[in-house]
Amino acid sequence: MEERPETELISIPATPRVSTPEILTPTGQRSPRPPSKEAKSSTAWTPTSFISPRFLSPIGTPMKRVLINMKGYLEEVGHLTKLNPQDAWLPITESRNGNAHYAAFHNLNAGIGFQALLLPVAFAFLGWSWGILSLTIAYCWQLYTLWILVQLHEAVPGKRYNRYVELAEAAFGERLGVWLAVFPTVYLSAGTATALILIGGETMKLFFQIVCGPLCSSNPLTTVEWYLVFTSLCIVLSQLPNLNSIAGLSLIGAVTAITYSTMVWVLSVSQQRPPTISYEPLSMPSPSSSVFSVMNALGIVAFAFRGHNLVLEIQATMPSTFKHPAHVPMWRGAKVGYFFIAACLFPVAIGGFWAYGNLMPSGGMLNALYAFHSHDIPRGLLAITFLLVVFNCLSSFQIYSMPVFDSFEASYTSRTNRPCSIWVRSGFRVFYGFVNFFIGVALPFLSSLAGLLGGLTLPVTFAYPCFMWVLIKKPTKFSFNWYFHWTLGWLGIAFSLAFSIGGIWSLVNSGLKLKFFKPS
């Protein structure tokens with residue numbers, strides 16, 4: 001039999017591969033697509049790098065065909081990750097059909113929100129120079145730690161760290177990782193949900209007053225009743241089963257956040273400034289009070305960059321193979337998201353402080369807009385702004401609550417070895433919603449709560465990722481990379497302690513005076 005040319009043997013196409021459901025594959029499949037430029041130029045070792053034309057040349061035709069097909073299969077499957085079957089039952093990992101668009105929506109929804117409206121409050125204590133400098137440093141710092149988390153999601157071949165706590169356990173050890181990560185991440189999710197109930201309920205009340213006007217009944221709802229109405233709406237929306245299922249809500253939250261952030265600062269700077277405005281930092285009765293106020297203000301700036309506790313969870317909703325790892329679409333979506341976040345946070349902080357100076361109320365931009373310009377701006381425009389805030393708060397509540405829902409269901413499924421029924425899942429979410437409602441009623445101090453939240457949860461964003469990079473990637477000791485990450489990490493811990501003290505001081509000294517709006 002005439003032997004066929006060698007070049008023809010190598011050009012034999014591999015057997016077509018069909019994408020299969022996530023629960024049937026180790027890391028999640030996606031349809032074959034042309035390799036990216038990065039994949040073409042990569043020279044890193046892969047599980048199939050030994051199957052090269054040089055290696056195949058002395059092997060006969062049948063064996064060569066088998067190895068070529070095996071190479072294609074391994075490159076499509078990827079790391080051959082061994083998954084926990086329980087992941088298919090939990091809200092974070094139940095669906096893995098996310099993409100870069102979903103990542104952008106989720107990051108925008110998590111990164112922009114009511115905390116942006118509090119930045120001018122921080123500027124009132126910091127002034128122009130320190131306010132802009134601290135905001136710029138915080139933005140660059142958190143963007144770098146975001147990149148670290150995206151890269152560490154699959155830092156170990158064959159393993160996906162689907163949750164922040166899982167990565168902390170891998171870096172710090174199982175016991176220490178739980179102690180370090182569980183409290184700040186749960187506190188951040190629950191604290192943000194509580195603050196969202198406060199801002200959402202107050203904004204619904206203002207929206208009703210603006211739309212109803214003089215036609216309002218003589219016995220309107222109280223502030224606490226508006227909190228209850230908002231909580232009930234959040235609980236209804238929280239029945240969506242998993243993180244990918246709320247991608248549409250995240251899109252709504254992102255669009256509304258960008259829109260109302262722009263409207264708030266544009267409406268503020270377009271109106272005449274108060275005649276007694278001043279840009280000098282607020283003076284306090286004692287030096288210690290001034291220091292604590294500055295620490296609380298810096299905590300508010302840190303809290304503006306929340307969302308890192310959700311990065312790994314968002315990335316976990318994406319399929320990942322060795323040829324097409326999840327960090328590529330995740331980082332693409334995150335870059336788009338954080339471009340818009342910067343385009344919203346900086347104008348709100350600078351424009352709000354320019355418009356109101358140190359007359360900025362403790363409740364932030366919405367409070368200032370309503371207090372100073374409620375009679376100057378058309379009621380319809382104000383009503384639309386407040387309605388957009390309500391929509392954004394409803395959307396943000398869902399994405400920040402999802403890790404807590406995941407923890408509830410993980411505890412249940414690990415004990416029963418079966419997925420949650422729809423009634424159990426609904427019960428968890430109703431319980432969580434009303435717990436946050438009662439916390440919000442007991443602690444209605446938004447600006448003080450924001451500083452404390454920023455201080456206690458700052459390590460999640462600014463410190464832990466730097467430590468994790470050193471402990472997992474293991475750069476050369478005493479190299480620049482080693483010193484840089486250790487320094488950033490310990491600076492984050494020091495700032496966390498200082499900002500937490502400032503937040504506690506502000507919370508204790510505010511009493512019942514620093515409510516977001518004076519309740520009726």
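One finds the CD1 atom of Ile300 at 8.5 Å from the CG atom of Leu119 (value rounded to the nearest 0.5 Å). For the atom pair CG (Asp406) and CG (Asn242), the distance works out to 10.5 Å, reported to the nearest 0.5 Å.
Leu135 has its side chain within reach of Phe346: a pair of non-hydrogen atoms, C-beta onward, lies under 4.5 Å apart. Inter-residue side-chain proximity for Arg429 and Pro91 is flagged as met; some heavy-atom pair is nearer than 4.5 Å. Inter-residue side-chain proximity for His308 and Leu146 is flagged as met; some heavy-atom pair is nearer than 4.5 Å. Using a 4.5 Å cut-off on side-chain heavy atoms (C-beta onward), Ser189 and Asn309 make contact. The shortest side-chain heavy-atom distance between Met360 and Met365 falls under the 4.5 Å cut-off. Trp265 places a side-chain heavy atom less than 4.5 Å from the side chain of Thr262.
The 12-atom threshold is not exceeded at CH2 of Trp130, counting heavy atoms of other residues, nucleotides or ligands nearer than 6.0 Å. The number of heavy atoms from other shown groups lying within 6.0 Å of CZ (Phe391) does not exceed 12. Other residues, nucleotides and ligands contribute over 12 non-hydrogen atoms within 6.0 Å of the OH atom of Tyr412. Residue Trp128 places its CH2 atom among more than 12 non-hydrogen atoms of other residues, nucleotides or ligands, all under 6.0 Å distant.
Less than 6.0 angstrom separates the ring centroid of Trp486 from the ring centroid of Phe467. Under the 6.0 Å cut-off for aromatic ring centres, Phe462 and Phe495 do not qualify, their centroids lying 6.0 Å or more apart. Taking the six-membered ring for Trp and the full ring otherwise, the centers of Phe305 and Trp141 sit at least 6.0 Å from each other. Ring-centre distance between Phe437 and Tyr227: not below the 6.0 Å cut-off.
Applying the ring-ring contact (aromatic ring centres under 6.0 Å, His included) rule to Phe438 yields no partners; only residues at least two apart in sequence or on another chain are considered.
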side-chain contact (heavy atoms from CB on, under 4.5 Å) between Leu243 and Ile399, worked out: CA-CA 7 Å; Leu243 188 55; Ile399 191 167; 4.2 Å; yes

Worked check of side-chain contact (heavy atoms from CB on, under 4.5 Å) between Glu202 and Thr223: CA-CA 7 Å; Glu202 294 286 0; Thr223 303; 3.0 Å; yes

Stepwise side-chain contact (heavy atoms from CB on, under 4.5 Å) test for Ile132 and Leu126: CA-CA 9 Å; Ile132 295 176; Leu126 299 173; over 6 Å; no

Residue pair Gln151, Ile472: steps toward the side-chain contact (heavy atoms from CB on, under 4.5 Å) verdict: CA-CA 11 Å; Gln151 298 301 315; Ile472 293 177; over 6 Å; no

Ring pair (Phe, Tyr, Trp, His ring centres under 6.0 Å) between Tyr279 and Phe353, intermediate numbers included: CA-CA 8 Å; Tyr279 298 110; Phe353 187 58; 5.5 Å; yes

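Of all heavy-atom pairs between Phe428 and Glu409, the closest is CD1-CG, 4.2 Å. Between Ile199 and Cys393, the shortest heavy-atom contact is CG2-SG, 3.3 Å. Pairing each heavy atom of Ala316 with each of Thr93, the nearest pair is CB-CG2, 4.2 Å. Considering every non-hydrogen atom in both Val150 and Gln315, the closest pair reads O-NE2, 3.3 Å. The nearest pair of heavy atoms linking Gly433 to Phe397 is CA-CZ, 4.4 Å. Nearest heavy-atom pair across Ser401 and Tyr432 is OG-CE2, 3.1 Å.
Ring pair His373/Tyr356 is tilted by interplanar angle, where 30° to 60° counts as tilted.
Under the 3.5 Å distance criterion, the side-chain polar atoms of Ser414 are matched with a main-chain donor or acceptor of Ala410.
Remark: the Tyr187 side chain and the Thr457 side chain contain no N/O donor-acceptor pair separated by less than 3.5 Å.
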